[in-house]
Amino acid sequence: MMTSPGPLPGAADAGAAPGAAAPVSLSPSRAGDFMQCPLLYRFRVIDRLPEKPSAAATRGTLVHAVLERLFDHPAAERTAPRAKALVPGQWERLLEAKPELAELFPDGDGGEALARWLAEAEALVERWFTLEDPTRLEPVEREFFVEAELESGLRLRGIIDRVDVAATGEVRIVDYKTGKAPRPEYAEGALFQMKFYALVVWRLKQVVPRRLQLVYLGSGDVLTYDPVPADLERVERKLHALWEAIREATETGDWRPRPTKLCGWCDHRAVCPEFGGTPPVYPLPVVPRAAVPRPAGSPDRPADS
């Protein structure tokens with residue numbers, strides 16, 4: 001197995017800015033950030049720059065909460081009307097936890113924008129019933145936090161939407177997506193998150209999940225994949241290479257932007273060099289690139305998924 005350093009030096013390092021901390025673990029979303037744009041990863045993980053809430057992301061959070069809470073009810077009561085009835089209450093819970101979400105909707109329209117948004121969430125919840133039958137499901141885990149430390153010391157963590165276990169012991173990992181299914185040529189990128197979770201479960205339980213399932217509520221599609229150990233070993237090698245690149249960027253302070261079409265949705269263009277901005281002063285100690293030790297044979301940068 002490839003060797004890789006453990007957690008990076010943290011905020012206690014001499015010379016680190018107060019409150020600044022190097023990354024100590026990797027999640028699917030943060031891995032995706034780095035592969036999309038290393039500078040975006042820095043802004044989110046090290047600088048922790050604030051980002052405005054979006055209506056789409058918040059709707060996704062709401063729908064996930066409703067589908068999680070539906071399984072609190074007996075199987076016979078897991079109906080579409082019951083699920084839709086949960087939407088207003090779960091929205092109130094989100095607002096209580098994050099009052100700033102109210103700013104997503106204007107005050108002067110009589111609540112019309114909020115009503116439309118809630119109706120869209122209800123439609124996504126209702127579509128789920130055309131894709132799965134919750135009366136026949138008894139998840140063993142919902143919103144399941146998983147964390148595993150590889151032999152190399154690299155710590156992986158994430159939250160799985162749902163884990164089903166068959167009577168025969170076979171494990172299915174399920175993730176809900178409120179957007180549309182990707183085109184076939186982009187399916188591998190969409191499965192990266194699920195293979196990440198499968199790797200963590202494999203290392204934790206010594207069981208390779210039988211099936212990975214992505215449920216796309218926006219388009220009504222279900223994407224499935226049955227992993228084998230060789231798949232997950234490749235993911236593990238990729239994550240080690242990714243962590244090496246993150247380690248080097250963290251210690252040298254060399255976080256480079258990677259312009260793509262996604263830049264148009266980024267909250268940090270004002271401080272991005274690609275748009276004429278200047279990033280904040282780097283808050284961690286910097287080590288000259290030549291002084292950063294690297295394992296023999298490690299790649300300069302991991303390949304994109």
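Reckoned from all heavy atoms, side chains included, excluding hydrogens, waters and symmetry mates. Everything numeric here is computed off the predicted structure, so don't read it as measured data. Just so you know, residue 1 is the first one in the sequence shown, and it goes up from there.
- Here the side chains of D231 and V208 are not in contact, with every heavy-atom distance at 4.5 Å or above.
- Judged purely by atom type and a 3.5 angstrom limit, E132 has no side-chain atom pairing as donor or acceptor with the backbone of F129.
- When side chains are defined from C-beta on, W128 counts as touching L70, because their heavy atoms get closer than 4.5 Å.
- Checked by atom type and distance alone, the side chain of W117 pairs as donor or acceptor with a backbone atom of A55 at under 3.5 Å.
- Summarising the geometry of P273 relative to L39, their closest heavy-atom pair is CD-CD2, 3.6 Å, with the distance given to 0.1 Å.
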- salt bridge (charged side-chain N to carboxylate O under 4.0 Å, His left out) evaluation trace for R211 with E170: CA-CA 8 Å; R211 173 152 294 179; E170 294 176 316; over 6 Å; no
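- Classification of E103 and K52 as a salt-bridged pair fails, no side-chain N sitting under 4.0 Å from a carboxylate O.
- Taking each heavy atom of P53 and T58 in turn, the nearest pair found is CB-OG1, 4.3 Å.
- When every heavy atom of P134 is checked against every heavy atom of F71, the shortest pair comes out as O-CE2, 3.9 Å.
- Side-chain contact between T260 and C37 is absent, with no heavy-atom pair separated by less than 4.5 Å.
- Using modelled atom types and a 3.5 Å distance limit, the side chains of R162 and Y176 yield a donor-acceptor pair.
- Remark: R59 CZ to E122 CD distance equals 12.5 Å, nearest 0.5 Å.
- The local environment of CZ in R269 is crowded, with over 12 non-hydrogen atoms from other residues, nucleotides or ligands closer than 6.0 Å.
- Summarising the geometry of V171 relative to V207, their closest heavy-atom pair is CG2-CG1, 4.3 Å, with the distance given to 0.1 Å.
- Looking at every heavy atom in both residues, L137 comes nearest to R78 through O-NH1, 2.6 Å.
- With rounding to the nearest 0.5 angstrom, the CZ atom of F196 is 13.5 Å from the CG atom of L212.
- Hydrophobic clustering of Ile, Leu, Val, Met, Phe, Trp and Tyr side chains at less than 4.5 Å, counting indirect connections, keeps V222 apart from L214.
- At most 12 non-hydrogen atoms from other residues, nucleotides or ligands lie less than 6.0 angstrom from CD of E96.
- A distance of 6.5 Å separates NZ of K177 from NE2 of H64, quoted to the nearest 0.5 Å.
- Between the side chain of R127 and the backbone N or O of L217 there is at least one donor-acceptor pair closer than 3.5 Å.
- Side-chain atoms of Y197 come within 3.5 Å of backbone atoms of I159 as a donor-acceptor pair (strictly under, hydrogens ignored).
- Nearest heavy atom pair, residue G277 against residue P279, reads O-CD, 4.1 Å.
- At a threshold of 4.5 Å between side-chain heavy atoms, the hydrophobic network of Ile, Leu, Val, Met, Phe, Trp and Tyr places L40 and L26 in two separate groups.
- Put simply, CG on L95 and CG on L114 are 8.0 Å apart, with the number rounded to the nearest 0.5 Å.
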- Message: Please determine whether side chain to side chain contact (heavy atoms under 4.5 Å, CB included) holds for the pair D226 and R210, giving the CA-CA distance in whole Å, both sets of side-chain angles, and the decisive distance to 0.1 Å.
- Response: CA-CA 6 Å; D226 297 340; R210 174 67 177 82; 2.8 Å; yes
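- Contact check for F43 versus D33: no side-chain heavy atoms found under the 4.5 Å cut-off.
- Here K195 pairs with E188 in a salt bridge; the nearest charged N to carboxylate O distance falls below 4.0 Å.
- Cluster annotation: F144 and V66 are assigned to distinct hydrophobic clusters (Ile/Leu/Val/Met/Phe/Trp/Tyr, side-chain heavy-atom contacts under 4.5 Å, transitive).
- One distance of note links CD of E236 with CG of L156; it measures 8.0 Å at 0.5 Å rounding.
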- Task: May I have the step-by-step check of side chain to side chain contact (heavy atoms under 4.5 Å, CB included) for V201 and I160, ending in yes or no?
- Result: CA-CA 10 Å; V201 170; I160 301 174; 4.0 Å; yes
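- Under the 4.5 Å side-chain heavy-atom criterion for ILVMFWY residues, no single connected hydrophobic cluster contains both L191 and V174.
- Taking the charged nitrogens against the carboxylate oxygens, R142 and D72 do have a contact shorter than 4.0 Å, which makes a salt bridge.
- Using modelled atom types, one side-chain atom of R258 and one backbone atom of M35 make a donor-acceptor pair closer than 3.5 Å.
- Taken together through direct or relayed side-chain contacts under 4.5 Å among Ile, Leu, Val, Met, Phe, Trp and Tyr, F34 and I46 form part of one hydrophobic cluster.
- Contact of the K180 side chain with the Y216 side chain is not registered, since no non-hydrogen atoms from C-beta on lie closer than 4.5 Å.
- With respect to the salt-bridge test (charged N to carboxylate O, under 4.0 angstrom), the residues E143 and R69 do not qualify.
- Shown here is F275, whose CZ atom has more than 12 heavy atoms of other residues, nucleotides or ligands within 6.0 Å.
- Between L239 and F192 there is a side-chain heavy-atom pair separated by less than 4.5 Å.
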- Item | Evaluation steps, side chain to side chain contact (heavy atoms under 4.5 Å, CB included), between T61 and W91 | CA-CA 9 Å; T61 301; W91 168 235; over 6 Å; no
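- Residues P23 and Y41 form a side-chain contact, since some pair of their non-hydrogen atoms from C-beta on lies under 4.5 Å apart.
- The CZ atom of R42 sits 8.5 Å away from atom CH2 of W255, with the distance rounded to the nearest 0.5 Å.
- You'll find the side chain of H240 reaches within 4.5 Å of the side chain of S152, heavy atoms only.
- With sequence neighbours excluded, no residue forms a ring-ring contact (aromatic ring centres under 6.0 Å, His included) with Y225.
- Remark: side-chain polar atoms of T130 are not paired, donor with acceptor, to backbone N or O of E126 under 3.5 angstrom.
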